[in-house]
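Written out below as structure tokens is the structure these notes cover.
Sequential numbering from 1 along the given sequence is applied to the chain's residues. Both ligands and their constituent atoms are indexed starting at 1 by order of listing.
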Amino acid sequence: MLIKLIALDYRELVQNSIMSHINGITDEIDVQFKMRLVKDKSVWISIRGRALYDEHGKALRVAGSISNINKEKIAEEQVIQLAYYDPLTKLPNRQLFEKELSEVINNKLIKSFSLMFIDIDNLKAINDSLGYRQGDIVIKNVTEILNKHIGLKQDLYKFGGDEFIIITRDIETIEEIEVYLRELLKEFQKPFDIEGLGFTITLSIGVALYPIDGDCMDLLLKHADTALNHIKQKGKNGYEIFSYEMNENLNERLMMERDLRRAVAGKELELYYQPKVDIISKTIVGYEALLRWNHKEKGLIMPLEFIPLAEETGLIIPIGEWVIAEAVNQLRKWHIEGHAELTISINLSAKQLKDIRLIEFFTNIIKSSGIDPRHLEVEITETTALYDINYAITILTELKTLGIKVSLDDFGTGYSSLNYLTVLPIDTLKIDKTFLDKNNEKQNTEIIKSVIALAHACDMNVVAEGVETQEQLDFLAEEDCDLMQGFYFSKPLPYADAIKLRPIVKK
Ligand code: C2E
Ligand code: MG
Ligand code: MG
């Protein structure tokens, strides 16, 4: 046989197949291999046959068939490519992950490994605001960085739309995992350039270790996913390694959900009011309504501790409706008491904005309370607005048609792209309190200046959040900021205390 024509990778396979047959281990030779042609070309060949022997039992030659199976093989490779590889990133997909991992676990091929479940934060917002093509570019960029980070004993899979999995066979201790992930996350600190826009992409990563966190694939995945959810709830952009305490937290969450249902039905919710103050005249022009939960056993609970849960469980809808009704009622009372120009702002979360009954709810409450809707304002965050920008534009426009004002909250914490500002119907920008932070003073000063200029150019008012010192106030006044809100003037207070800060202004 012209052994030299057989492609290097297959020579041993062909030789073994022939020898196994000659030595009586197999009934026939049945082998498929690549044969080299001229230059870099090769062709798939199949050999099937039996050896013919002389009278001394010495193998003389093979009788059987040699066929060119190139077409079938190429088709087969394409099918494998389609079935097991992600077309966008060319990475092995979920099917191949499951196949390979179950082989590894069932055949006990590896003693231990770690499974890292990676999710791109807020990819949906990018898809919705910029389009799927840009979303694809982000996924490709992320793949490229992950690929560079992958070592010899590590495998990278594309698990779902924006989910990846890394299996590491050489990193086992918690310390090693932490170093590995910190370095990985560091590579995402630099903004991506997508068609001239600078985008910061962050990842959330949940890790589970085989076999201590799970000795089968389903359990490992489940626990890595639990860890991933933990980091998502903590505010994304980081990693979390699974621990059984997380499951205990789950029980705690279930109890909190039960209590929150009770709170909605009972009288445990309360609104506090924080004044919004005119920077020049120092008069209170309105209040932001901020939710508090007076838990029967645990005392006062702040919104950031229960609003995410309320969102997940859908309880935010009845809670939000209570907030709107209560705030409108308070506004009506204050107007009757003589605070005629006062406005009230209500925070709306993403789920509320998506609720099809929202507009009807506002319409009815404006009618039944008799308040002037121009004194009502809703605050939504950048992330909420960008989650589905076209839908946000529709709903916000409808709210504005009712006469309600719209304010963009926590501005500057979400995206670096300012393009969407011009398409959203917004009256007011609220600069996030992190920009008043002392650290990074120089950079923040510049950001505040340009945000104020930009907002004014778009005919919007600017509110600075989290003003705590005279120094900050002076700087904001200098920069022509319109309103301020913060502990320097007052904390959020119950309605009776909040209104005492404001002398009655009779018309
Ligand atoms: P937000 O709308 O950005 O509200 C401002 C938060 O900053 C409030 O926290 C307020 O107490 C705090 N704050 C005000 N001035 C200062 C200051 O000078 N320094 C510092 N460090 N903090 C200051 P709070 O009341 O804990 O509310 C947190 C968030 O919870 C709110 O952020 C809002 O996003 C959400 N939230 C509050 N009430 C509601 C509600 O009724 N519905 C919804 N969906 N979300 C709400
Ligand atoms: Mg707010
Ligand atoms: Mg805010």
Side-chain angles (χ1 to χ4, degrees), residues 235 260 263-264 268-277 279 284 286-294 300-331 343-355 358 361-362 376-385 387 405-414 426-439 451 461-473 476 481 483-495 497-498 501:
L260 196 54
V264 181
E268 292 178 47
L269 297 179
E270 185 180 355
L271 288 183
Y272 275 38
Y273 297 88
Q274 187 179 37
K276 284 187 185 169
V277 182
I279 286 204
I284 297 177
Y287 291 90
E288 174 173 8
L290 293 156
L291 189 57
R292 301 290 180 261
W293 176 9
N294 295 308
L300 191 72
I301 306 184
M302 302 302 274
L304 292 181
E305 287 177 61
F306 64 89
I307 288 206
L309 180 68
E311 283 239 334
E312 269 172 53
T313 52
L315 281 169
I316 193 68
I317 302 297
I319 291 178
E321 288 180 351
W322 179 86
V323 169
I324 299 168
E326 177 73 10
V328 166
N329 191 33
Q330 192 56 57
L331 181 69
T343 62
I344 274 193
S345 314
I346 298 164
N347 291 285
L348 288 187
S349 67
K351 269 247 172 87
Q352 284 175 276
L353 207 67
K354 278 255 164 192
D355 180 21
L358 184 74
F361 192 81
F362 270 111
L376 211 53
E377 183 177 54
V378 293
E379 298 193 0
I380 56 156
T381 64
E382 274 183 281
T383 329
T384 299
Y387 193 70
K405 302 250 171 11
V406 178
S407 174
L408 198 60
D409 207 352
D410 303 345
F411 184 75
T413 54
I426 312 162
D427 303 282
T428 305
L429 262 194
K430 296 187 78 175
I431 307 180
D432 192 71
K433 48 183 171 290
T434 49
F435 289 111
L436 291 178
D437 230 0
K438 268 263 167 221
N439 317 320
V451 168
N461 270 328
V462 184
V463 181
E465 292 186 295
V467 179
E468 294 182 354
T469 65
Q470 175 75 44
E471 220 182 329
Q472 292 170 338
L473 180 63
L476 292 162
C481 184
L483 301 174
M484 65 113 164
Q485 204 184 327
F487 296 168
Y488 179 71
F489 196 84
S490 169
K491 287 191 171 167
L493 298 168
Y495 71 92
D497 300 322
L501 299 169

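Among E305, M302, E468, Q472, the residue whose heavy atom sits closest to atom 20 (C) of ligand 1 is E468. For atom 24 (P) of ligand 1, the nearest non-hydrogen atom from the set P308, G486, P303 belongs to P303.
For the Mg ion (ligand 2), the set of nearby N, O or S atoms under 2.8 Å includes none belonging to D410. In summary, no N, O or S atom of D432 is located under 2.8 Å from the Mg ion (ligand 3). At a threshold of 2.8 Å, the Mg ion (ligand 3) has no backbone or side-chain N, O or S atom of E379 nearer than that distance.
Between the Mg ion (ligand 2) and the N, O or S atoms of E288, the shortest distance is to OE2. The Mg ion (ligand 2) is closest to atom OD2 of D409 (considering only N, O or S atoms).
Close N/O approach between E288 and ligand 1 is found [any backbone or side-chain N/O within under 3.5 Å].
If you look at T381 next to ligand 1, there are no close heavy atoms at all, none under 4.0 Å. Contacts with ligand 1 closer than 4.0 Å are made by heavy atoms of both the backbone and the side chain of S349. Looking at N347 against ligand 1, both its backbone and its side chain come within 4.0 Å, counting heavy atoms. When non-hydrogen atoms are compared, ligand 1 lies under 4.0 Å from the side chain of E465 (C-beta onward) but not from its backbone. Of all the heavy atoms of D409, the ones lying under 4.0 Å from any atom of ligand 1 belong exclusively to the side chain. Only side-chain heavy atoms of Q274 come within less than 4.0 Å of ligand 1; its backbone N, CA, C and O stay farther off.
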Checklist line | Derivation and outcome, salt bridge (Lys or Arg N to Asp or Glu O under 4.0 Å), residues E379 and K276 | finding: CA-CA 13 Å; E379 298 193 0; K276 284 187 185 169; 3.0 Å; yes
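Using 4.0 Å as the threshold, Q352 has a heavy atom nearer than that to some atom of ligand 1.
Distance check for atom 32 (O) of ligand 1: every protein heavy atom is found at 4.0 Å or beyond.
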